[in-house]
**Q** 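The structure under discussion is supplied below as structure tokens; questions concerning it will follow.
Only heavy atoms go into these numbers, but all of them, side chains included; no hydrogens, no water, no symmetry mates. Every chain is numbered from 1 and lettered A, B, ... according to where its sequence line falls, protein lines coming before strand lines.
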4 protein chains.
Amino acid sequence: MVKRGGDIKARILEAAGEVFSRGGFGGARMEAIARLAGVNKAAIYYHLGDKAKLYELVLVSRFRNVAETLERTLDQSPDPAARLDSYVRALAALFSRDLTLPSIMIQELAGRGRTLPGPVLSEMTRILRCTARALGVEGPAASARDLRAVLAHLVIVGSLVFTCLTRPVREKLARAVPAAFGQDLDIEDMVAFLVEMFGRPLGPGLEEGA
Amino acid sequence: MVKRGGDIKARILEAAGEVFSRGGFGGARMEAIARLAGVNKAAIYYHLGDKAKLYELVLVSRFRNVAETLERTLDQSPDPAARLDSYVRALAALFSRDLTLPSIMIQELAGRGRTLPGPVLSEMTRILRCTARALGVEGPAASARDLRAVLAHLVIVGSLVFTCLTRPVREKLARAVPAAFGQDLDIEDMVAFLVEMFGRPLGPGLEEGA
Amino acid sequence: MVKRGGDIKARILEAAGEVFSRGGFGGARMEAIARLAGVNKAAIYYHLGDKAKLYELVLVSRFRNVAETLERTLDQSPDPAARLDSYVRALAALFSRDLTLPSIMIQELAGRGRTLPGPVLSEMTRILRCTARALGVEGPAASARDLRAVLAHLVIVGSLVFTCLTRPVREKLARAVPAAFGQDLDIEDMVAFLVEMFGRPLGPGLEEGA
Amino acid sequence: MVKRGGDIKARILEAAGEVFSRGGFGGARMEAIARLAGVNKAAIYYHLGDKAKLYELVLVSRFRNVAETLERTLDQSPDPAARLDSYVRALAALFSRDLTLPSIMIQELAGRGRTLPGPVLSEMTRILRCTARALGVEGPAASARDLRAVLAHLVIVGSLVFTCLTRPVREKLARAVPAAFGQDLDIEDMVAFLVEMFGRPLGPGLEEGA
DNA sequence: GATGAATGAGGGTTCATTCAT
DNA sequence: TATGAATGAACCCTCATTCAT
């Protein structure tokens, strides 16, 4: 009902991202997407397509946005030493700015990528390649270095995603259980923690080809 | 269809866990659960209840299993120095033995805990308390140490979960993109990585109250 | 709503035949079929399947009934001279007893057999073979005789179908246009006409292999 | 998409005839008609009207064309003996030139004329009157002769329609069942067959008032 | 205890039709 | 005159749930 300005396709895609991010594909209602976008249900089909197509478009646009942002960030960080820092900060910014992104990512993982549309895979590859650049593992890399790069990637992304997504649950826990702790942890804390961890032990190790 | 032995309720709960783990609550079909459990659809209602009740039972039983396993593990690790190691290994074992566990956990996070039944929160608190024990942060802890404990918890769990759940996607990526890397990374690698990272810098830091 | 006795599947199939016979596949409403059969809409899907499957079942059962009736009729008419007569009468009886049969046949023809399910083709072949038997054109027949057999088949079936199906329109015409004629023509008249036509000139012609 | 020359209304009507001829009224999609006519969907409403109106226009124009062609044919056949021949040939030409005509006719019959618009009835009456002329049954005719005239009409039209419309199915049958026969039967064969049948026995019989 | 059958509610999708430009 | 966009009303189909046996 809310007739905000902006391109209608963009409005629908944004609403779809929000709705898909809770409940996943199976839990999303086209009706909910339409209402949130302020358009008629049939308009979704007219402009973008059916539910599966819509889901794919959401995934691709979100992952592409991540890939492009990371690539741009790395391009603007010529100093190899600062790259990791920039990279982690960029990821954290993306995740905390829009919770639907890590939310959707995580749901796809939960589904074991069973229904991952092809175009999404390409974008994920781009992201993985960014991680490699950030960690200084590029070109025909030795597999030992690859392994540590992937490990670092998983730790970084996993930690950031968990930090963002557990926040609502942590707050809920804090309200329900007085003695709980961790409710006032911000993503900035995690960024600092990760940079501290990887800044020293990993950087040199990788540069020396350990 | 598979008429394995064992209690009917247990069979249904296991099947439900499997089905809920993909697609989440919204994507699960009672029909699919019944078929996987080898029982009639109506039997689910007779023995356990409706879909929401079934979901709660699955969540509680899974999280309780995690809590109990971790508590037992910590009880059997009197040496504080070895506790972290045991804890991480126990988590990794739980996650890799049954993918549905991290899968369900992650989906709940994606839903921002919006529909978390009360009993599930209790189990999650138990798990968080285990983490505190593993990190040596017990009792009326200082908040600075708490912060690092929670950070460590998030890094550890997030990394392990990501390692388990990204495996299918990583393999898919490897098949789709020849140049991809990371497909042959095992959870053991991640365990070693985490222990190495936290074994030295974290332990002392925490004990000294840094 | 009318809860007549009898097997529920049979009831649905009969109702479906009636509804499909008007409007064809595209004009049929599952709702209408359910109401006519006196069952819930979902019951159709439970017992028989979706619209396309239902359509196929209707077609197959109707054509199979025709084929079996004709085969039985011919088996019981050992006298070759009387076969044609029995055959035409059997067809006429089938058509006039249940208008949905020629109605559905004709709609499929109108659709150029574009969507004819495979099983239906088999039944149509059986019917064509019956015509051949009725006309005394069996076994390795000469093509000249085949041609006349097919011609006769088309004339017979076409005439009977038209006689049955034009009746409502003829009556409507008679009511609308006082001077119209042909409204009081019965299918018996057509049977007699056809037998008279084919009884003499065709029989000998075929037997002599003209 | 095909932007052929000619009046837009004519283009739409032709496309509508084609689309209505398959699937009937219920199976036709305005979208399909618009696409086939190479016009915008809204243009149909602007130029001709809604779906029901369009259907009526198609029926009337088709039947009127038949009536006018037959009347012209009969006017140009002063010889009563040759009339029947001309008539049958004209019908066969109409049917084989444009399959949509018999196709639409037949679908209306299947619907038991339930939704026949009034103007269509007038055109059908004209056609029936042509048949009467062709058979030499005009004016205040004796009912016995009427009966045979209507019978002949039904046989002739039914046979021609069946010959045209069964052709796709016969070819399909021939492809599916190697032993099938009748696939290479042309409408010319049927015309000859009908003229042969009615040329001798019917003509005299009718003229003598049998 | 167990199950085939039944069904109301709702979900995704299409479609004829209209409207603003 | 022409058309992209918009939409309410179905329509097909599914699903969670219940019930009779």
Side-chain angles (χ1 to χ4, degrees), chain A residues 3 7-9 12 19 23 25-34 37-55, chain B residues 3 8-9 12 19 25-35 37-55, chain C residues 3 7-9 12 23 25-34 37-55, chain D residues 3 8-9 12 25-35 37-55:
Chain A
K3 288 255 177 188
D7 185 15
I8 193 175
K9 293 191 184 183
I12 295 174
V19 173
F25 184 83
R29 302 282 155 255
M30 296 298 280
E31 165 69 29
I33 295 173
V39 302
N40 184 282
K41 226 186 337 171
I44 300 177
Y45 293 86
Y46 180 78
H47 287 289
L48 293 172
D50 65 12
K51 196 182 181 185
K53 180 67 180 170
L54 195 55
Y55 189 59
Chain B
K3 289 256 179 187
I8 283 193
K9 294 190 183 184
I12 295 175
V19 173
F25 184 83
R29 304 279 159 258
M30 296 298 278
E31 164 70 27
I33 295 174
R35 194 170 37 227
V39 303
N40 185 280
K41 230 189 328 176
I44 299 178
Y45 291 86
Y46 180 81
H47 287 291
L48 293 172
D50 65 14
K51 195 181 180 186
K53 180 68 180 168
L54 197 55
Y55 189 59
Chain C
K3 288 257 179 187
D7 186 16
I8 193 175
K9 293 190 183 182
I12 295 174
F25 184 84
R29 303 281 156 254
M30 295 299 279
E31 165 69 28
I33 295 174
V39 303
N40 184 282
K41 225 189 334 175
I44 300 177
Y45 294 88
Y46 179 78
H47 286 289
L48 293 172
D50 66 12
K51 197 183 181 184
K53 180 67 180 167
L54 195 56
Y55 189 59
Chain D
K3 290 257 181 189
I8 283 194
K9 295 189 183 185
I12 294 175
F25 184 83
R29 303 281 157 257
M30 295 297 279
E31 164 70 27
I33 295 174
R35 193 170 39 226
V39 303
N40 185 280
K41 228 187 333 174
I44 300 178
Y45 291 86
Y46 180 81
H47 286 291
L48 293 172
D50 65 13
K51 196 182 180 185
K53 180 67 180 167
L54 198 54
Y55 189 59

**Q** Any side-chain N or O of D/Arg29 below 4.0 angstrom from OP1/OP2 of E/dT14?
**A**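 No, no such contact exists.
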
**Q** How far does NZ of A/Lys41 sit from CZ of A/Arg29, to the nearest 0.5 angstrom?
**A**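 The CZ atom of A/Arg29 is 11.0 Å from NZ of A/Lys41, to the nearest 0.5 Å.
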
**Q** Where each residue is assigned the nucleotide of DNA chain E containing its nearest heavy atom, which of D/Ala42 and A/Tyr45 is assigned the position nearer the 5′ end?
**A**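 It is A/Tyr45 whose nearest nucleotide is closer to the 5' end.
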
**Q** Between A/Ala43 and B/Glu31, which has a closest nucleotide on DNA chain F that is more 5'?
**A**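 Closest to the 5' end, via its nearest nucleotide, is A/Ala43.
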
**Q** Please determine, for the side chain of D/Tyr46, which listed nucleotide (F/dT1, F/dT14, F/dC11) has the closest atom?
**A**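 The answer is F/dT1.
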
**Q** Among E/dA6, E/dA16, E/dT13, which is the nearest nucleotide to the side chain of B/Lys41?
**A**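 From the listed options, E/dA6 comes nearest.
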
**Q** Could you give the distance from NZ (D/Lys9) to CD1 (D/Ile12), rounded to the nearest 0.5 Å?
**A**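 Those atoms lie 9.0 Å apart.
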
**Q** Give D/Ala28 one of three labels, base, sugar-phosphate or nothing, depending on what nucleic acid heavy atoms sit under 4.0 Å from its own.
**A**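 Answer is sugar-phosphate: D/Ala28 comes under 4.0 Å of backbone atoms only.
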
**Q** So which heavy atom on C/Ala34 is nearest to which on C/Asn40, and how close?
**A**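 Smallest interatomic distance, heavy atoms only, reads CB-C, 4.1 Å.
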
**Q** To the nearest Å, give me how far apart CD1 (A/Ile12) and P (F/dA5) are.
**A**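 It works out to 11 Å between those atoms.
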
**Q** Could you check how far NZ of C/Lys51 sits from C1' of E/dG12, rounded to whole Å?
**A**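 Atom-to-atom, C/Lys51 to E/dG12, this comes out as 16 Å.
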
**Q** Using heavy-atom distances to pick each residue's nearest nucleotide on DNA chain F, tell me which of C/Ala52 and B/Ala52 is more 5'.
**A**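 The answer here is C/Ala52.
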
**Q** Tell me which one of A/Ile44, A/Val39, A/Leu48 satisfies side chain to side chain contact (heavy atoms under 4.5 Å, CB included) with A/Ile8.
**A**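 Of the listed residues A/Ile44, A/Val39, A/Leu48, the side chain to side chain contact (heavy atoms under 4.5 Å, CB included) partner of A/Ile8 is A/Val39.
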
**Q** Please state how far atom CG in C/Leu48 lies from atom C1' in F/dC12, giving the value in whole angstrom units.
**A**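 Taking CG of C/Leu48 and C1' of F/dC12, I get 16 Å after rounding.
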
**Q** Which nucleotide in the list F/dG4, F/dC12, E/dA16 gets nearest to the side chain of C/Met30?
**A**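 Of the options given, the side chain of C/Met30 lies nearest F/dC12.
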
**Q** C/Asn40 or A/Gly49: which one's nearest nucleotide on DNA chain E is closer to the 5' end?
**A**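 Its nearest nucleotide being more 5', the pick is C/Asn40.
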
**Q** Defining pairs by Watson-Crick or G-U wobble geometry with both distances under 3.5 Å, how would you list the stems of DNA chain E with at least three pairs each?
**A**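 Runs of three or more consecutive pairs: E:2-21 with F:2-21.
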
**Q** Looking only at side-chain atoms of C/Asp50, point me to the closest of F/dC13, F/dG4, E/dG12.
**A**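 So the side chain of C/Asp50 is nearest to F/dC13.
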
**Q** What is the distance from CG of A/Asp7 to C1' of F/dA5, rounded to the nearest Å?
**A**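 For the pair A/Asp7 CG and F/dA5 C1', the rounded distance is 13 Å.
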
**Q** May I have the distance from A/Leu54 (atom CG) to E/dG11 (atom P), rounded to whole angstrom?
**A**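 From A/Leu54 CG to E/dG11 P: 16 Å.
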
**Q** Tell me the interatomic distance from A/Ile33, atom CD1, to E/dG11, atom C1', rounded to whole angstroms.
**A**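 That distance rounds to 12 Å.
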
**Q** Using OP1 and OP2 only, check whether a side-chain N or O of A/His47 sits under 4.0 Å from F/dA6.
**A**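 True: A/His47 side-chain N/O within range (under 4.0 Å) of F/dA6 OP1/OP2.
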
**Q** Rounded to whole angstroms, how far apart are OH on D/Tyr55 and P on E/dT17?
**A**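 Rounded to whole Å, this separation is 15 Å.
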
**Q** Is A/Lys51 reaching over with its side chain to a backbone N or O of A/Phe25, donor-acceptor style, under 3.5 angstrom?
**A**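 Yes, because the side chain of A/Lys51 sits within donor-acceptor range (under 3.5 Å) of the backbone of A/Phe25.
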
**Q** Atom NZ of A/Lys9 and atom C1' of F/dA6: how far apart are they, to the nearest Å?
**A**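 Distance check: A/Lys9 NZ to F/dA6 C1' gives 14 Å.
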
